[in-house]
Amino acid sequence: MLIGVPLETAAGEKRVATVPEVVEKLIKLGFTVAVQGGAGEAANVSDEAYRAAGAEVVPTAAELWSKSDIVFKVRPPSAAEVGLMREGGMLVGFVWPAQNPELMQQLAAKRATVLAIDSLPRQLSRAQKMDALTSMAGVSGYRAVIEAANAFGRYFNGQVTAAGKIPPAKVFIAGAGVAGLAAIGTAAGLGAIVRANDTRAEVADQVVSLGGEFVKVDYEEEGSGGGGYAKVMSEGFQQAQRAMYAQQARECDIIITTALIPGKPAPKLITAEMVKSMKPGSVIVDMAAEQGGNCELTEPGQAVVKHGVTIIGYTDLASRLAKQSSTLYSNNLLRLTEELCKTKDGIVDVNMDDDAIRGLTVIKDGSITWPPPPLKLPAPVAKPAAAVAAPKAHGHGPGEPMSAKSLAIVFGVGALALWGVGLYAPASFLSHFTVFVLACFIGYMVIWNVTPSLHTPLMSVTNAISSIIAIGALVQIAPPLDGASADRPSALILGMAVLALVLTAVNMFGGFAVTRRMLAMFRK
């Protein structure tokens, strides 16, 4: 089958649906690839690069659309492009079926099969490799901070110079989804003081891990709406949220808004009064501008200055990093193609029994199949009541210290056992046995009180420390103190001692190195 990649015709769109590196992998899957001439120029990809990767460069859009079995696109096709599409062909790309009902009817009339990458069920972990929404949101979040920095009148990071002290910029990010988290990391990396808010309380730790401060709304309500999005909140929550946003607008220099609710206009978070309260020279980047905007004064596609505040409502943030966006997007489509062509023979199979493929497929052979049925996610496995109650019956649970009663019993039994051994064992054995028992008890108590997530680094460091065999090897290698040659070990023993010392050194240093790297994962 032939995969066609046309030149994007939407105004200002610079991305391309595949790049030469991915063309080579599509050919290995058994497909042939054709690219319209100039399709990658805005993303700094030449026609020669496509030819070198094995793709055919087609001069006109009409020829490309008419000959392609599958068309990879970024933006939804125009009515003119649908007219060029071959009967019964396949389209893969952003479609937004809820917002484009007329386009859906036009594609159905062509008896097309349409896979809308924006309809991917993001709840499925195996779908993450195909999730173009996440890929583009990450790029957009990064670019939003760059646009804000360009419009802002001073440094992001604070500095002390001979000419005076420069305070760090204060950045507030409304919404801590993929785009918001990317913006938080970028702004924090530039040295700004970053604050963020989201209706989903579970993202607070992610905000903090990226160097931001999570600003909580003084109102208790769960905000997760499924699929990685937030839900519409109650009026009480929205009122408390507006009060918090008003305070942040007065204090912060830059506001970046990312709030979107699927199938609905973007919620209005920043009012005109909040804009008026901001300091002159402040910046707002409204990433939800394409869906109406989170700011009341946003003009989609434009950067305007109102009340001394620059309000950026660009709808092509991902396209402003066309090379990076195109690479990520084409990789997402490659992973989708691998799922459609598991036999690697260049023939796609739209398996409607596959939850991920079923969610993507909005039209199948001319029949509109959107919206898909709800996903049947497996219910969490409930733990048996006896297993939950068992730790309480013993007076302690995993990771908890023993109760005083249990500890006294253990000590008593241990003392009786030690007394019994002492009656019959020789004195030399008893001293070694006592040290052994105490070591076991202390080691048990130490490990018992360590957080379970740190058990693996604990094992690696104890593995290093336990290499006491190095002492024995050193004793064998070292010459006798009195210089007596009769006590020197044989060459075989010396060789084994040296080998043991080398292996033990590797074990020791390796154990400490592994521990250090693993503990680094728990630090900010």
Side-chain angles (χ1 to χ4, degrees), residues 137 140-158 167-201 203-219 223 230 233 237-260 266-289 293-298 303 306-314 317:
S140 298
Y142 173 87
R143 184 69 190 197
V145 176
I146 302 303
E147 294 292 343
N150 181 57
F152 191 49
R154 48 187 182 81
Y155 297 139
F156 264 45
N157 61 325
K170 295 180 180 179
V171 180
F172 177 71
I173 296 170
V178 176
L181 292 173
I184 292 167
T186 306
L190 290 174
I193 296 173
V194 184
R195 303 169 184 170
N197 168 263
D198 197 281
T199 57
R200 298 159 292 186
V203 304
D205 290 339
Q206 300 176 40
V207 171
V208 174
S209 69
L210 288 171
E213 173 192 351
F214 187 79
V215 183
K216 194 173 183 298
V217 176
D218 190 17
Y219 194 97
M233 307 300 287
F237 181 93
Q238 292 181 34
Q239 184 175 355
Q241 187 183 52
R242 283 192 291 269
M244 183 269 290
Y245 283 154
Q247 179 183 353
Q248 295 302 321
R250 291 191 296 270
E251 296 178 2
C252 292
D253 304 299
I254 296 169
I255 295 178
I256 299 175
T257 64
T258 70
L260 284 172
K268 299 299 180 184
L269 305 178
I270 309 299
T271 64
E273 291 299 320
M274 294 180 194
V275 176
K276 290 180 182 179
S277 71
M278 296 181 73
K279 291 171 282 190
S282 298
V283 179
I284 297 175
V285 181
D286 194 340
M287 295 184 63
N294 296 136
C295 177
E296 287 183 347
L297 303 181
T298 296
K306 297 184 178 181
H307 307 295
V309 177
T310 302
I311 304 173
I312 299 173
Y314 296 149
L317 289 172

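- Here the OG-NE2 distance, from Ser282 to His307, works out to 13.0 Å after rounding to the nearest 0.5 Å.
- For the atom pair CD1 of Ile270 and CE of Met278, the computed distance is 7.5 Å after rounding to the nearest 0.5 Å.
- Considering every non-hydrogen atom in both Val275 and Cys295, the closest pair reads CG2-SG, 3.9 Å.
- Two residues are said to be in side-chain contact when any heavy atoms from C-beta on lie closer than 4.5 Å; Asn197 and Tyr245 meet this criterion.
- Annotation for Val145 and Ala183: closest pair CG2-O, 3.4 Å, computed over non-hydrogen atoms.
- Looking at heavy atoms from C-beta onward, Phe156 lies in side-chain contact with Val171 at the 4.5 angstrom threshold.
- When all heavy atoms of Ala259 and Pro267 are compared, the closest pair comes out as O-CD, 3.6 Å.
- Shortest non-hydrogen contact noted between Asp198 and Gly177 is OD2-N, 3.9 Å.
- Not a single donor-acceptor pair under 3.5 Å links the side chain of Asp286 to the backbone N or O of Thr298.
- Using modelled atom types, one side-chain atom of Lys268 and one backbone atom of Gly293 make a donor-acceptor pair closer than 3.5 Å.
- If you take CZ on Arg250 and CD on Gln248, they are separated by 9.5 Å, rounding to the nearest 0.5 Å.
- Crowding of Phe237 atom CZ: a count of heavy atoms from other residues, nucleotides or ligands under 6.0 Å exceeding 12.
- A side-chain donor-acceptor contact under 3.5 Å links Thr258 to the backbone of Gly175.
- From Thr186, atom OG1 reaches atom CG of Leu181 across 10.5 Å, with rounding to the nearest 0.5 Å.
- With a 4.5 Å cut-off on side-chain heavy atoms, Thr199 and Gln241 count as touching.
- The closest side-chain heavy-atom distance from Phe214 to Asp205 is not below 4.5 Å.
- No side-chain heavy atom of Leu269 sits under 4.5 Å from any side-chain heavy atom of Met274.
- Taking CD1 from Ile284 and CD1 from Ile311, the interatomic distance works out to 5.0 Å, rounded to the nearest 0.5 Å.
- Side-chain atoms of Phe172 and Gln247, non-hydrogen and from C-beta on, never get closer than 4.5 Å to each other.
- Residue-environment remark: CD (Gln239) stays at or below the threshold of 12 foreign heavy atoms within 6.0 Å.
- With a 6.0 Å radius and a threshold of 12 heavy atoms from other residues, nucleotides or ligands, Tyr142 has its OH atom at or below the threshold.
- Counting heavy atoms from C-beta outward, Phe152 and Thr310 have side chains that stay 4.5 Å or more apart.
- Counting heavy atoms from C-beta on, the side chains of Ile256 and Met287 come closer than 4.5 Å.
- Across all non-hydrogen atoms, the minimal contact from Ala176 to Val203 is CB-CG2, 3.9 Å.
- The two residues Val194 and Ala188 make their nearest non-hydrogen contact at CG2-N, 3.6 Å.
- Residue Asp253 forms a salt bridge (charged side-chain N to carboxylate O under 4.0 Å, His left out) with just one option from Arg195, Lys170, Arg154, and that option is Arg154.
- With rounding to the nearest 0.5 angstrom, the CD1 atom of Ile312 is 7.5 Å from the CG atom of Asn150.
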